[in-house]
Number of protein chains: 2
Amino acid sequence: MKENTRDKFIETASNLFGKKGYNATGLNEILAESGAPKGSLYYHFPKGKEQLALEALILAGNKITQSITSHIENIDNPIEAIIYNIENIADIIDKEHKTRDITISLIALETYLSSETLRKACEDLYQSLENIYADKLMKAGMSPEEAHEIGEVICAMMEGAITLSLTRQNGNPLRLIAKQIPNIVKI
Amino acid sequence: MKENTRDKFIETASNLFGKKGYNATGLNEILAESGAPKGSLYYHFPKGKEQLALEALILAGNKITQSITSHIENIDNPIEAIIYNIENIADIIDKEHKTRDITISLIALETYLSSETLRKACEDLYQSLENIYADKLMKAGMSPEEAHEIGEVICAMMEGAITLSLTRQNGNPLRLIAKQIPNIVKI
DNA sequence: GTCTATAAGCAGATAGAC
DNA sequence: GTCTATCTGCTTATAGAC
């Protein structure tokens with residue numbers, strides 16, 4: 001288990017960064033929750049907080065893309081599939097009132113001006129989300145060009161509706177955009 | 001000019017909080033840019049950073065609502081008006097690559113778990129934005145119930161598309177949602 | 001109302017023993 | 001690879017002179 005300590009750091013950091021944000025999460029907090037000392041963290045991540053955040057972001061991104069994929073893969077009709085995915089997130093926010101591997105908007109907005117590394121990682125992840133929706137639409141016969149445009153629109157709608165839902169402490173904004181999916185996806 | 005120093009604090013804080021976020025902006029930075037000493041800040045804002053942020057958020061909210069209102073008030077057709085407003089923001093992001101009184105999503109996501117005061121202020125501001133769009137739609141004959149639903153959808157789409165545009169460093173995500181406004185606003 | 005000085009604590013990062 | 005101790009600088013906040 002050579003990578004066990006390292007993985008524990010990444011998982012703890014991913015949870016804390018995702019919940020509280022990059023700037024509000026101190027290294028000491030990550031250390032305390034990981035149960036490891038500071039020297040160990042800088043051995044595994046010589047470039048410090050930014051490097052740890054990059055790996056944490058990649059882990060969170062994998063969980064988000066996997067969650068979306070698993071929700072839409074068993075429903076052939078892309079409209080029904082995407083609505084099902086949105087309503088699932090709305091239910092989570094109703095229950096938990098916080099994010100756990102749901103959105104990276106907080107990290108994106110915190111870092112787009114201060115860290116080119118993290119900004120680029122967020123940009124890449126948004127592209128991955130767009131591609132998931134685009135692939136689903138293309139499988140239903142939509143042209144690649146239109147599918148990518150609509151995929152990006154869905155990605156934007158979801159990020160904004162998640163932000164509103166978290167602020168309002170309920171999933172209703174997400175349910176309202178779900179109602180609009182049939183108006184946007186013309187297959 | 002009794003309130004001059006106080007107003008200067010609020011304006012400086014609003015700019016810095018809006019650009020870098022709540023947690024990344026130190027009081028010392030606000031002090032340096034305001035050109036006033038620390039004691040003066042705590043005289044005007046006895047409750048410290050959170051109180052200053054609340055007033056800064058209200059100022060930013062007023063500027064945002066005023067900007068949207070001024071962009072849509074001279075165009076009768078709500079679809080054209082809203083598209084015009086979105087494309088205006090897209091142009092700003094193309095030029096400046098950052099936010100100045102465009103969105104409060106960063107503050108909302110940073111504070112919804114840590115400050116009930118600031119969370120509520122963000123919730124209220126989102127409600128104001130929704131109302132602006134709803135009013136415009138009702139004037140074009142839409143029912144109040146539907147107008148508020150569509151207003152909230154537009155608000156969510158815009159916040160998400162702004163986040164994507166800032167991350168991608170260009171306004172194209174905003175332009176893609178502008179193309180979808182006619183599919184969502186049925187008048 | 002304005003300003004200086006400073007407190008008390010936490011931030012990210014490093015050096016070096018083991 | 002792991003851990004302790006520590007450095008420097010910044011954070012929010014306060015006390016008290018003017």
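As a basis for the values below, the full set of heavy atoms in this structure was taken, side chains included, without hydrogen atoms, waters or symmetry mates. Throughout, protein chains are lettered first and strands after them, A, B, ... in sequence-line order, and every chain is numbered starting at 1.
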Separation of C:dA13 C1' from A:Leu52 CG (nearest whole Å): 14 Å

Ion pair B:Glu11/B:Lys8, N-O distance below 4.0 Å: no

A:Lys120/A:Glu116 ion pair, N-O < 4.0 Å: no

Protein-nucleotide distance (B:Leu27, atom CG; D:dT14, atom P), rounded to Å: 11 Å

Side-chain N,O (B:Thr5) to OP1/OP2 (C:dG1) below 4.0 Å: no

Atom-to-atom span, CG of B:Leu31 to P of D:dC10 - whole angstrom: 14 Å

Stacked cation flag A:Lys49 on A:Phe17, 6.0 angstrom / 45 deg: no

Under-4.0 Å side-chain N/O to phosphate OP1/OP2 contact, B:Asn28 with D:dT11: yes

Integer-rounded Å distance: C:dC3 C1' and B:Arg6 CZ: 19 Å

Minimum-distance nucleotide to A:Tyr42 side chain [options: C:dC3, D:dC3, C:dT14]: C:dT14

5' precedence on DNA chain D between A:Lys38 and A:Tyr43 (nearest-nucleotide basis): A:Tyr43

Rounded distance (Å) that lies between atom P of D:dT11 and atom CD of B:Glu50: 18 Å

Gap between atoms NZ and C1', on A:Lys49 and C:dC10 respectively (whole Å): 12 Å

Touch class at under 4.0 angstrom, heavy-atom based, for B:Gly26 against every strand present: sugar-phosphate

Side-chain ion pair, A:Glu130 and B:Arg168, N-O less than 4.0 Å: yes

5' precedence on DNA chain C between A:Tyr22 and B:Ala36 (nearest-nucleotide basis): B:Ala36

Length of the line joining B:Ile30:CD1 and D:dC10:C1', which is rounded to integer Å: 14 Å

Salt-bridge present (A:Lys95, A:Asp91; N to O < 4.0 Å): no

Nucleotide D:dT11, atom P - distance to CG of A:Asn23 in whole Å: 11 Å

Sugar-phosphate only, base, or nothing, as touched by A:Gly39 at under 4.0 Å among non-hydrogen atoms: base

